[in-house]
Each structure stands twice: as C-alpha cells, then as structure tokens.
S.K.: 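Could you have a look at this structure, given as structure tokens, before my questions?
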There are 2 protein chains.
Amino acid sequence: MAETQKIDLLAPALRRSQDAGNPCAACSVREMSICGVLNDVEIKELTAIITNLTQDPHDTIIDEGEAADYLFNVTSGAVKLYKLLPDGRRQITGFLFQGDFLGIAMNDIYAYSAEAVTRVTLCRFPRRKLEALLDRFPQLESRLLRMASNELVQAQDQMLLLGRKTAKEKVCSFLLSLYRRRTLHEGRNAAVPVPMSRADIGDYLGLTTETVSRTFTALKATGTIRLREGGRVEIPDVEQLQELAEGG
Amino acid sequence: MAETQKIDLLAPALRRSQDAGNPCAACSVREMSICGVLNDVEIKELTAIITNLTQDPHDTIIDEGEAADYLFNVTSGAVKLYKLLPDGRRQITGFLFQGDFLGIAMNDIYAYSAEAVTRVTLCRFPRRKLEALLDRFPQLESRLLRMASNELVQAQDQMLLLGRKTAKEKVCSFLLSLYRRRTLHEGRNAAVPVPMSRADIGDYLGLTTETVSRTFTALKATGTIRLREGGRVEIPDVEQLQELAEGG
DNA sequence: CGGGATCTTGAGGATGCTCAACGCTAGTGG
DNA sequence: CCACTAGCGTTGAGCATCCTCAAGATCCCG
C-alpha cells in the first residue's frame, strides 16, 4: 500500500491510463489536491461520495452565509471568491484554478461567495461525508490542514498588498502570482493567461476598473508587459516585475 | 530545570491551584485552545513538550522567513503579527490574545513576524514534537484544522476591510472586533481595552497614525465612542458602531 | 453585422497621506 | 522635587494618489 502510494506520487502520467472505471484514479489534478494522499483503494471511497459538476462563466457555485454543505475541488477553469458589503462594494478574496480546493474557510456557513470566471469543472464533496472520511483517513486531514496553512500564508500576503502597496505594485504582484502559479505546474514560459475581467482584478486588488486599466497601460508603455490576444500577458523580464511588485 | 520551566508555564492566576505537577491541567486558556480536546492523560504528553515563556512589550517572538521550529499558545497579553516590505512599510496581519494560537500560517518558514504588544505569556511547542503528537491524537489535528479554518474566515473579513472600507469604517470595524472578542469570553460590558498604539492600529487597518487619530477624534465628537483612562474605549451604542462599520 | 459588455482614456475631485508642530504623559536623573 | 527628555497622540496645512463621472473605443457573441 505504501508502495502503491509511492508509485502514484511519482508517476501521475502512467496512472491516468489505467482504471477507467474510477474517475478519480484518472483525475488529472489528483496529485495537486487532497486526493493525492490516498491510494487507489481509498480513492474508491472518495469516488463514492463525489459529484462532478460543470459551471459556466458567472454561474454561482456557493453563496456567502449559506450552510456550508459542500466542499469542492476545481478540476479545470477559474473561480473567483468574493465578499460583499451591504451597499454592493465587493472584495474578491481569491481566485481558484485547477487543483485548488474550495471551502476550507468556513464555519458551518460559507465565509464568501464563489462564482465561475471561465467554464469550470468541479468535484463536489458533501461535507458531512467528507468529514466522516477524514476520521478514517487521517492523512486526508493532514493534507487539508497543510492546505489551510498555505492558504493562510497567501492571505497574509494579500493583506500586505491591500493595506500597503501602491496601485502599480498591486498589479505587478498580481501578474507575478499568476505567472508563478502557472510556471509552478506547467513549465511553460509563454504569455500568462489572465482570464478575469479588469473589474474582477480591481475588486481583488482594492482598486477600481479604471485604475487597473490605466496601470496596465502604463506597464505596457514601459515595456514591463505586453498584451497578447485572448487576454494573455507576456512578461519579458520577470525579475523586473518582481522588483516593481515590492516597491524596488 | 525542566521543572522550573513547567512552573513558569502556568497561567499566573492559577499557579497555586491544584495539580501542580501538571501545569496544563490548571491552564486557564486550556478550553479555548487546542489543548481543550485532550483529556488529562493526553494533556500530560502535551505538557512534556512545552516550554513557558514571558515576553515584554516590543520583544520579538518569531521572525518572518525563519525556520518555523516552534508554535505558540498565547496564555495572556497581546501579540501583533506583521509583514514588512523592503522599504519598511508594515502590515499588521493580526493581533493575538489569550487563548490564540500562533504559527498555523507557515510553510516550514514563518509567514510573518510576531512581537509582544503588552507583557505576554506563551506556551511554546516544538513543531516536530507537536506533529508527532498530531499523528497519535487525531482530534488535535481536527482542532487545528478548525482553528485554521476560522482564521481563514477572519482573514477574508480583513481583506474586505483593507480593500473596500473607508477609514471610518475600518476603525469602527476594528473597535467592534475588539469588543466582540472581549464579550465573547468575558461577559463584561464595560470599556474595551485597546492595548496597541495608534501606529499599530494604522498598520493593521492600512492607514497612517494620523488618520487613525483623526478618526478616533471624530468618533469621539459624534459620541460614538468615549476614551477612558488606560487606553480603554467605551462604546455606548454597539449597534450604531456596527452600522458605521459596514457603511450603514 | 449589430449590440451589449468590456476596456480605455480624460477631467476633475475627494479621501487619506506627508510633513510639521505642539501637547501630554511617564520615566529619569540631577 | 522638578526640569528634562523621549515616546506617543493630536492637530493643521498642503498635496498626491486614486476615485468618480463621463465618453469613446474595442471586443465578442449571437
């Protein structure tokens, strides 16, 4: 069993080919998500409780304040998480992509709403059943704790950004995080896809649409970035962007 | 030697009460913290790995970027967590009080620095040893996950504050959270202690010292708050403060 | 090809910042 | 016992960044 795990961890590409009867066994994001700590036998139990969903752009996935009955795994596409003030002001607290887990931050009720940015595919876990599995598979709980810990680290960074960075630094930090996110999993070095709107970026960075747009224009003018078709952004000099992101 | 440390470990008020051989059994914040899920036998194992510390105001507890070798429990006093930009700009990401846990947000290295605001007493856990205990006491891991989950919820709220609230709303939200924090554990309804400086409050809310001071003055002028001796703040009408905190 | 949504650009203005001075309090040492 | 100093808090004046409001440009999908 430990042997099986090692093989799974080391050879995700191979694993995909076999076991067509178990969707999770073939899941392309299994290693990135909580499922990566389970072996094939355990995965079958997980498979038994999940539902696969597809959502179109602007579809709501969860609503802040509702009972947190489900958790999700993003298997493809992009999701935005946000909170609203009574008068409609919005703060996007994060974007989720392939492999990200949705729903750790809750206290019986969801702490934020979630909406599809692009077309999205999701695994849905009923929370009660997942919690039952956590009791039986402690490594699943460890994994969740580690993910929550990482999310907290990211949240700290975002607070620093929101509270203390200038508009230019915010936009550069944002592009840098998209860039790193991308190159972490895929080695590619081409233009970074930026699937979300200027308004979404603004609500994520604590800026207005107009300021985001102006900042993009300014970064383009200085050659820091180049805008490509399909909303992709090319970054000629990542180190320069890094400098700009921290006020260098 | 170890015995001396253990005695230090005790919450001061309870130091002379029962079970002097097991400081945690008498700890006044036990139920509020991770230790609350362990029975007396299990607590003894926890006791064996902890060290008690006292820190004076401005003493550093952990440094961002250092190896995360220890986790802490705050048993009394107040602690601030913060991150710095290269040019010295500072964002305080949170304040910790009695019963709060310090160190969940890390990824082998600390994600932020921590410094004593008032005189503080702490339980220190070596991380490796705590993790070994987690394997043996799954309910401890569950508890940590739940705490991390709650911390994430708070982090989302703070992002909304930093990104989208006005100075007045920020200060009111801050006072409200101090008020709630206080009345949650102690039923008292008197003036709320505000032990941190205006500069700290500013760095927590993404404002300058001057703006915080001006906002306090304005709130005082409208009768929303009253400043009492010892940095305490009296809140005559909590509902009004709540309204102001959300832009009502 | 049309039309709604998104993005960009411009002009003016407000919120909160910078810089500066002053007051208050507490601790210190003559 | 009190002047002195250092740290913190308050207040003021001017200003910069980013927001608001508005209009035009571009994109995308039917």
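Letters A, B, ... are given to chains in the order of the sequence lines, protein chains preceding strands, and every chain is numbered from 1.
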S.K.: In whole Å, I'd like the distance from the CE atom of Met196(A) to the P atom of dC7(C).
M.R.: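 The distance from CE of Met196(A) to P of dC7(C) comes to 11 Å, rounded to the nearest Å.
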S.K.: What is the separation between atom CG on Leu227(A) and atom P on dC27(D), rounded to the nearest whole Å?
M.R.: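 About 11 Å, once rounded to whole Å.
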S.K.: What's the CG-P distance between Leu207(B) and dT15(C), to the nearest Å?
M.R.: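 Atom CG in Leu207(B) sits about 14 Å away from atom P in dT15(C).
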S.K.: Assuming nearest nucleotide by heavy-atom distance, tell me which of Thr209(A) and Ala167(B) is located more 5' along DNA chain C.
M.R.: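 Nearest-nucleotide comparison on DNA chain C picks Thr209(A).
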S.K.: Is there a donor-acceptor pair under 3.5 Å between the side chain of Asp56(A) and the backbone N or O of Asp59(A)?
M.R.: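 Not confirmed, Asp56(A) side chain does not pair with Asp59(A) backbone.
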S.K.: Just by distance, with hydrogens left out, do Thr93(B) and Lys83(B) show a side-chain donor and acceptor under 3.5 Å apart?
M.R.: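 No, Lys83(B) and Thr93(B) have no side-chain donor paired with an acceptor closer than 3.5 Å.
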S.K.: Please confirm whether the shortest side-chain N or O distance from Thr208(A) to OP1 or OP2 of dC19(D) is below 4.0 Å.
M.R.: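 So the side chain of Thr208(A) is within the cut-off, an N or O lying under 4.0 Å from OP1 or OP2 of dC19(D).
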S.K.: Any salt bridge linking Asp200(A) with Lys80(A)? Criterion: basic side-chain nitrogen under 4.0 Å from a carboxylate oxygen.
M.R.: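 Salt bridge: yes.
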S.K.: Rounded to whole angstroms, how far apart are CG on Leu219(B) and P on dT10(D)?
M.R.: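 Distance, rounded to whole Å: 12 Å.
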S.K.: With sugar-phosphate meaning primed atoms plus P, OP1 and OP2, does Gly231(B) contact a base, only sugar-phosphate, or nothing at under 4.0 Å between heavy atoms?
M.R.: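 No contact.
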S.K.: For the side chain of Arg214(B), counting heavy atoms from C-beta on, which of dT10(D), dA13(D), dC18(D) is nearest?
M.R.: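 The listed nucleotide nearest to Arg214(B)'s side chain is dA13(D).
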S.K.: Could you check how far NE2 of His58(A) sits from P of dC28(D), rounded to whole Å?
M.R.: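 Result: 14 Å.
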S.K.: Looking at every strand, decide which applies to Ser213(A) at a 4.0 Å heavy-atom threshold: base, sugar-phosphate, or nothing.
M.R.: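 It contacts base atoms.
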S.K.: Starting at the 5' end of DNA chain D and moving along, which residue's nearest nucleotide shows up first, Ala199(B) or Gly206(A)?
M.R.: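 Final value for this comparison: Ala199(B).
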S.K.: Where each residue is assigned the nucleotide of DNA chain C containing its nearest heavy atom, which of Glu210(A) and Lys165(B) is assigned the position nearer the 5′ end?
M.R.: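 Nearer the 5' end of the strand: Glu210(A).
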S.K.: Check whether any side-chain N or O of Thr217(B) sits under 4.0 Å from OP1 or OP2 of dT11(D), and answer yes or no.
M.R.: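 Yes, because at least one side-chain N or O of Thr217(B) sits under 4.0 Å from OP1 or OP2 of dT11(D).
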S.K.: Under 4.0 Å: is that the gap between some side-chain N or O of Arg198(B) and OP1 or OP2 of dT10(D)?
M.R.: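 Yes, within the criterion.
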S.K.: If we count only N and O atoms by modelled type, under 3.5 Å, do the side chains of Gln98(A) and Arg181(A) hold a donor and an acceptor together?
M.R.: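 The criterion, which ignores hydrogens and geometry beyond distance, is not satisfied for Arg181(A) and Gln98(A).
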S.K.: What is the distance from CG of Asp200(A) to C1' of dC7(C), rounded to the nearest Å?
M.R.: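 The answer, rounded to whole Å, is 13 Å.
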S.K.: Please report, rounded to the nearest Å, how far the C1' atom of dT15(C) is from the NZ atom of Lys170(B).
M.R.: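 About 11 Å, once rounded to whole Å.
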S.K.: Rounded to whole Å, please give me the gap between CZ in Arg89(B) and P in dT17(D).
M.R.: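 Atom CZ in Arg89(B) sits about 12 Å away from atom P in dT17(D).
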S.K.: Looking just at side-chain N and O atoms, do Thr121(B) and Thr54(B) make a donor-acceptor pair shorter than 3.5 Å?
M.R.: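 Per modelled atom types, Thr121(B) and Thr54(B) side chains form no pair under 3.5 Å.
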S.K.: Within the pair Thr211(B) and dC17(C), is there a side-chain N or O less than 4.0 Å away from OP1 or OP2?
M.R.: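 Indeed, a polar side-chain atom of Thr211(B) lies that close.
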